[in-house]
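Take a look at the structure below.
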There are 2 protein chains.
Amino acid sequence: MIPIKIDSAWKGTSDCRNCGIRDMVLFADLNEQDFGEIQGETALGVFTLRKGMVKLVRATADGRERIVRVLRPGDVIGLEALATARYDSEAIPLVEAQVCRIPLAVLHHLSANSPRLHKRLMQKWQQALKDADDWLADLNFGSARQRVAALALKMRDPDQPGITSFFARDDMGAMLDIKLETVSREISALVRDGALKPCDKQGRRYEITNEALLMR
Amino acid sequence: MIPIKIDSAWKGTSDCRNCGIRDMVLFADLNEQDFGEIQGETALGVFTLRKGMVKLVRATADGRERIVRVLRPGDVIGLEALATARYDSEAIPLVEAQVCRIPLAVLHHLSANSPRLHKRLMQKWQQALKDADDWLADLNFGSARQRVAALALKMRDPDQPGITSFFARDDMGAMLDIKLETVSREISALVRDGALKPCDKQGRRYEITNEALLMR
DNA sequence: CGAGCGCTTGACCGGCGTCAACACCCGTGG
DNA sequence: CCACGGGTGTTGACGCCGGTCAAGCGCTCG
């Protein structure tokens with residue numbers, strides 16, 4: 001299930017040609033002829049995240065919520081539906097998000113007929129797998145301090161590398177497998193040590209004031 | 001780098017047709033004509049694991065070893081080379097292992113020309129990604145006891161579901177992100193509680209005597 | 001038979017979970 | 001405009017799980 005609110009003002013195919021992040025997305029290599037193949041459909045689809053952040057959630061054996069990854073603009077949601085026509089995990093927006101929907105049938109057709117998209121698809125699979133492994137190796141390893149610091153580095157804004165985005169403390173806990181109180185404590189400690197500085201009063205945006213301190 | 005010793009007695013293409021695990025592997029859907037396309041090459045390749053177990057390892061930020069996944073017969077090694085012509089992590093056999101090597105150029109050619117292989121490839125990507133997410137959600141969550149129990153369940157022998165395989169204690173620690181002494185303690189506790197029974201004296205094979213106890 | 005390696009077990013201690021109180025932000029309604 | 005209440009983030013006290021260090025045991029192999 002992908003309960004993302006789709007920006008309904010943005011539909012049809014014409015905008016794809018002028019998409020602001022077209023160089024990051026699945027359709028980056030499509031030419032005018034390929035665009036002709038795209039038709040609106042309502043079935044299962046694959047999504048490209050345009051804006052915002054989305055958490056991939058699955059239930060653990062003991063019923064708690066486990067966040068396996070966070071997707072950011074340019075990432076693909078629901079790629080697995082291409083292979084199995086089912087989604088493996090739940091995708092929930094962490095902030096207001098916008099996605100492009102690509103109908104499954106269209107993608108199947110293009111993947112067989114467009115070598116460019118075929119290659120792009122491979123890259124997206126590879127990126128998703130690498131992200132998953134990175135997430136495990138970087139964020140779920142070591143002390144609580146190391147995990148929070150690693151998350152701060154991973155969630156840097158691509159446009160403003162000095163700024164990083166955090167989330168609700170219990171979401172951060174589900175990402176790092178630590179309790180929300182510990183998350184809060186470690187953030188406070190990093191602020192005290194001069195590694196971070198809060199940008200707002202909700203604890204969502206921080207300035208990275210000492211990058212070296214975060215890296216160890 | 002994939003330092004797997006390849007069973008040199010097994011080479012050429014003729015054996016593929018009679019491979020005992022052909023229904024599990026990448027080439028399961030190739031027909032006689034497709035086999036004609038395969039030639040021996042020496043370049044980068046993708047591997048299908050025939051026998052044994054392989055750990056996927058990457059270095060963490062602080063230099064320690066982190067095992068991101070364990071591959072078992074039928075799994076594919078080095079799929080990422082298809083997209084980037086590089087390997088993302090190191091693959092090291094945990095026990096004596098046998099692999100099929102599939103040259104990259106061959107796979108690229110077939111992936112474009114053989115719809116059957118193309119579909120099979122998608123499934124392998126999807127399986128790898130699901131395995132990665134499962135590994136994170138099942139094995140790196142909860143108490144040390146829960147992690148060891150989850151590993152025992154995941155490492156059951158497909159042919160003998162009552163038997164499970166363990167590894168060197170420090171490898172298990174690198175999989176579960178706990179120390180080897182804790183691994184040892186928890187295994188002992190599970191044996192004491194009647195959930196497991198050792199099959200050998202090296203601590204590698206155990207009989208599952210109480211499955212329900214392991215599941216919670 | 002002895003050396004060496006890996007597994008186990010024990011004692012101790014620190015980090016993190018638990019429970020609880022408190023502070024702060026924000027929306028609601030008087 | 002302020003009073004109130006709920007939700008979320010922070011901070012404190014305390015106890016336990018798991019990390020650390022060390023000793024002991026049982027294999028395996030020379």
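Just so we're on the same page: letters track the sequence lines, and every chain starts at 1. It should be emphasised that the depicted structure is a prediction, and the values quoted were computed from it without experimental measurement.
Under the 3.5 Å distance criterion, the side-chain polar atoms of D75(B) are matched with a main-chain donor or acceptor of R72(B). Side-chain atoms of R147(A) come within 3.5 Å of backbone atoms of G142(A) as a donor-acceptor pair (strictly under, hydrogens ignored). Proximity of a side-chain donor or acceptor of R58(B) to a complementary backbone N or O of L56(B) within less than 3.5 Å is not detected. Side chain of S184(A) to backbone of L180(A): no donor-acceptor contact under 3.5 angstrom is found. When atom types are taken as modelled, the side chain of D200(B) and the backbone of G203(B) share a donor-acceptor pair closer than 3.5 angstrom. The closest donor-acceptor contact from the side chain of R66(B) to the backbone of A174(B) lies under 3.5 Å. No donor-acceptor distance shorter than 3.5 angstrom exists from the side chain of D138(A) to the backbone of W135(A), with no hydrogens or angles considered.
T209(B) pairs by the side chain to side chain contact (heavy atoms under 4.5 Å, CB included) definition with K197(B), E207(B), not counting sequence neighbours. The salt bridge (Lys or Arg N to Asp or Glu O under 4.0 Å) check on D170(A) picks up nothing, with sequence neighbours excluded. Considering only residues two or more places apart in sequence or on other chains, R145(A) meets the salt bridge (Lys or Arg N to Asp or Glu O under 4.0 Å) condition with E186(A), D193(A). Annotation: side-chain hydrogen bond (donor to acceptor under 3.5 Å, both in side chains) contacts of R204(B) (sequence neighbours excluded): none. Partners of R205(A) according to the side-chain hydrogen bond (donor to acceptor under 3.5 Å, both in side chains) rule, which considers only residues two or more places apart in sequence or in another chain, do not exist here.
Ion pairing between a basic and an acidic side chain is recognised when a charged N comes within 4.0 Å of a carboxylate O; D62(A) and R216(B) show no such pairing.
Annotation: side chain to side chain donor-acceptor pair (under 3.5 Å) contacts involving residues 153-167 of chain A, sequence neighbours excluded, comprise R156(A)-E211(A).
For D177(B) and dC17(D), the CG to P distance is 18 Å, given to the nearest whole Å. When the C1' atom of dG26(D) is taken as reference, atom CG of D200(B) falls 13 Å away, rounded to whole Å.
Between Y206(A) and F166(A), the two ring planes are tilted [angle within 30° to 60°].
If you check residues 168-175 of chain A against DNA chain C, you find no residue with a heavy atom closer than 4.0 Å. Near-neighbour residues of DNA chain D inside residues 135-149 of chain B, defined by a heavy atom below 4.0 Å, number-ordered: S143(B), A144(B). Within residues 178-190 of chain B, the residues that have a heavy atom under 4.0 Å from DNA chain D are, in order of number, I178(B), K179(B), E181(B), T182(B), R185(B), E186(B).
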Quick one: which protein N/O atoms are closer than 3.5 Å to N/O atoms of nucleotides 27-30 of chain D? Pair and distance per line, please.
| unit_1 | atom_1 | unit_2 | atom_2 | d |
| --- | --- | --- | --- | --- |
| dT28(D) | OP1 | Q202(B) | OE1 | 3.4 |

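The span of DNA chain C lying next to chain A, judged by atoms under 4.0 Å from heavy atoms, is bounded 5' to 3' by dC16(C) to dC26(C).
The minimum heavy-atom distance linking L104(B) with A81(B) is given by the pair CD2-O, 3.7 Å.
Summary for the helix from dC1(C)-dG30(D) to dG30(C)-dC1(D): the axes at its two ends, each from 5 pairs, differ by 30° when rounded to the nearest 10 degrees.
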(message) Determine whether Q126(A) and D88(B) satisfy the following criterion, side-chain hydrogen bond (donor to acceptor under 3.5 Å, both in side chains), listing intermediate values before the conclusion.
(response) CA-CA 9 Å; Q126(A) 187 270 338; D88(B) 283 339; 2.7 Å; yes
